[in-house]
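Working notes, structure below.
Lettering of chains follows the sequences in order, A, B, ..., and the numbering in each one begins at 1.
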There are 2 protein chains.
Amino acid sequence: MTIGAMESSRTVDSGGGRRQATRQKLYEAAVTLIAEQGFSATTVDEIAERAGVAKGTVYYNFASKSVLFEELLRHGVGLLTASLREASERTAREGGSKVDALDAMIRAGLVFIDRYPAFTQLYVAELWRTNRAWQSTLMVVRQQAVAVVEDVLRDGIAAGELSDEIDIPLTAAALVGMVLVAALDWQAFQPERSLDDVHAALSRLLQGRVGGERAGRG
Amino acid sequence: MTIGAMESSRTVDSGGGRRQATRQKLYEAAVTLIAEQGFSATTVDEIAERAGVAKGTVYYNFASKSVLFEELLRHGVGLLTASLREASERTAREGGSKVDALDAMIRAGLVFIDRYPAFTQLYVAELWRTNRAWQSTLMVVRQQAVAVVEDVLRDGIAAGELSDEIDIPLTAAALVGMVLVAALDWQAFQPERSLDDVHAALSRLLQGRVGGERAGRG
DNA sequence: ACTTTTGCACTGACCAGTCAGTTCAAAAAC
DNA sequence: GTTTTTGAACTGACTGGTCAGTGCAAAAGT
């Protein structure tokens with residue numbers, strides 16, 4: 001995990017990048033532990049130990065355990081959103097269709113999950129909880145990611161490439177879920193499969209080539 | 001939530017009714033609280049209070065907090081599996097195709113999630129965790145549910161109705177994910193939508209009717 | 001050159017509170 | 001008469017958060 005690459009080393013701290021490096025180590029330790037055990041079951045002592053720093057250092061760098069977690073969330077979803085948007089724009093630049101863009105975003109999603117599996121686990125596990133401190137953070141951050149997919153769907157309809165009867169938010173959610181669950185299952189239960197395999201299976205589903213001869217192409 | 005209806009199959013006589021009712025109340029209390037807060041953040045005192053029983057009663061009925069939770073999991077997934085299987089068999093009985101069966105299972109899944117949203121939340125939140133006591137329980141139980149979908153896909157291929165190039169386990173996982181995430185999003189962010197709306201959106205995706213007039217791409 | 005001071009980053013023992021699980025006598029329900 | 005539930009007290013382990021103090025590199029003072 002390299003959840004934390006966007007911090008610049010020049011902003012507030014005058015003592016070089018030492019502090020950023022510590023925060024980075026804490027992110028990495030926290031994301032793994034929380035993905036495995038959940039937020040409440042993970043102790044600050046564990047995080048500190050895994051990061052190789054003292055417990056006090058955690059509180060020197062973050063106001064609380066929850067704040068550490070929230071910053072982790074914002075950071076990770078930021079990376080995902082950027083990756084999805086990049087895939088969509090690259091496709092457009094290369095003259096691909098909107099379906100091609102969706103396909104490229106599926107792949108980008110898979111690459112992300114393959115690279116940051118722990119973060120993905122943690123995100124899914126917390127997303128639909130209620131009554132938690134970081135619920136609002138999570139909703140904002142979710143909407144950013146889903147919006148990228150929704151935009152492509154909207155453009156596809158506007159261009160007449162997609163049926164204007166599709167339900168944008170529901171379809172976007174379903175697509176995200178398809179990728180999310182398939183990828184997590186891949187990681188957890190069939191890690192030997194290649195990314196291309198998984199991509200091919202999802203691509204087929206997206207493009208309605210599940211039915212035999214009669215449904216898809218002619 | 002009525003996550004405990006199947007217990008009543010036996011032990012109807014011999015003084016078991018009262019105890020079952022207590023266990024039922026504890027299931028209902030636990031599923032809600034754990035869905036909201038997570039397993040570790042939920043205390044036994046809370047569960048007892050919500051169920052309207054004394055703490056001692058919890059330990060009279062279940063060996064431990066974990067055991068209560070595991071039985072809850074087994075129970076809930078049992079209900080889901082039965083529901084999916086029933087949908088599949090009903091479709092077959094009525095002479096529907098395998099795609100019809102998948103469609104019926106999507107609806108059954110939505111109905112289940114609509115009825116037991118808390119259980120679904122909890123299940124998703126725990127499914128991909130590692131290093132937890134009930135991991136093996138969870139894997140067994142997951143496979144039971146996914147297997148129902150896989151069976152239908154397999155039959156569909158054998159009957160020549162579905163392309164023999166689809167990847168059964170991956171496609172099954174993707175379909176489950178599609179329903180799961182779309183439904184949870186529906187509940188959490190667009191609760192005003194009807195079940196039929198959601199079903200229609202997913203149905204369209206399943207049957208490749210996303211692209212405009214021309215199905216698939218050229 | 002060398003000493004002294006400053007303050008950031010970090011440390012880890014400590015504290016006050018919390019929680020799962022136990023115990024058990026007595027009451028209630030069957 | 002037996003099963004089930006109650007409810008409060010208790011234990012012992014664990015946890016989030018605190019804080020006085022350490023180390024050290026650069027700046028200031030001599």
Side-chain angles (χ1 to χ4, degrees), chain A residues 4 7-31 33-34 36-72 126 131-134, chain B residues 4 7-8 10-31 33-34 36-73 126 131-134:
Chain A
E7 276 85 342
S8 56
S9 50
R10 55 177 157 81
T11 38
V12 218
D13 63 58
S14 47
R18 182 155 165 236
R19 194 158 179 205
Q20 288 311 318
T22 302
R23 290 170 70 96
Q24 177 65 31
K25 280 192 294 183
L26 285 169
Y27 278 151
E28 289 171 19
V31 82
L33 288 166
I34 296 178
E36 281 172 1
Q37 307 175 326
F39 176 81
S40 303
T42 300
T43 69
V44 176
D45 284 292
E46 274 178 315
I47 296 172
E49 192 193 340
R50 166 91 59 123
V53 302
K55 186 179 186 177
T57 305
V58 176
Y59 286 94
Y60 182 77
N61 283 283
F62 299 95
S64 69
K65 185 186 174 188
S66 300
V67 168
L68 163 55
F69 182 58
E70 276 188 64
E71 293 193 16
L72 190 54
E126 297 294 338
N131 288 353
R132 303 223 85 171
W134 51 80
Chain B
E7 219 84 282
S8 53
R10 44 191 168 77
T11 64
V12 187
D13 288 77
S14 62
R18 182 148 152 259
R19 203 164 173 200
Q20 288 309 320
T22 302
R23 291 169 68 95
Q24 177 64 32
K25 281 193 293 184
L26 285 168
Y27 278 152
E28 288 171 20
V31 82
L33 289 166
I34 296 178
E36 281 173 1
Q37 307 175 326
F39 175 82
S40 304
T42 301
T43 70
V44 175
D45 286 293
E46 272 178 317
I47 296 173
E49 191 192 342
R50 165 91 60 124
V53 303
K55 185 179 182 181
T57 306
V58 176
Y59 285 95
Y60 182 77
N61 284 282
F62 298 95
S64 70
K65 185 186 174 188
S66 300
V67 168
L68 163 57
F69 182 59
E70 275 188 65
E71 293 193 17
L72 188 55
L73 276 177
E126 295 293 337
N131 289 351
R132 302 223 85 173
W134 51 79

Could you state the atom-to-atom distance from CD of B/Gln20 to C1' of D/dT5 in whole Å? 15 Å

Suppose we call two aromatic rings close when their centres sit under 6.0 Å apart. Are B/Tyr27 and B/Phe69 close by that rule? no

Which value, rounded to the nearest 0.5 Å, describes the distance between A/Thr42 atom OG1 and A/Lys65 atom NZ? 6.5 Å

From the list D/dT6, C/dG12, C/dA20, which nucleotide is the closest neighbour of the side chain of B/Thr43? C/dA20

Given D/dT15, D/dG17, C/dT22, which nucleotide is nearest the side-chain atoms of B/Tyr59? C/dT22

Just to confirm, is there a sub-4.0 Å distance from OP1 or OP2 of C/dC10 to any side-chain nitrogen or oxygen of A/Asn61? yes

Whole Å only: how far is the CD atom of B/Glu49 from the C1' atom of D/dA8? 15 Å

Between atom NZ in B/Lys25 and atom C1' in D/dT6, what is the gap in whole Å? 12 Å

DNA chain D: A/Thr42 or B/Gly52, which has the more 5' nearest nucleotide? B/Gly52

When rounded to whole Å, the CZ to C1' distance for the pair A/Arg23 and C/dC8 reads 15 Å

Just how far, in rounded Å, is C1' of D/dA13 from CG of A/Asp45? 13 Å

Given C/dG21, D/dT5, C/dG12, the nucleotide with the shortest approach to the side chain of A/Lys55: C/dG12

Distance-only donor-acceptor test (3.5 Å): side chain B/Lys65, base C/dG21: no

On DNA chain D, does the nearest nucleotide to B/Ala54 precede the nearest nucleotide to A/Ser66 from the 5' side, or the other way round? Give the residue. B/Ala54

If you compare all heavy atoms of B/Trp134 against all heavy atoms of B/Ser66, which two are closest, and at what distance to 0.1 Å? CZ3-OG, 4.4 Å

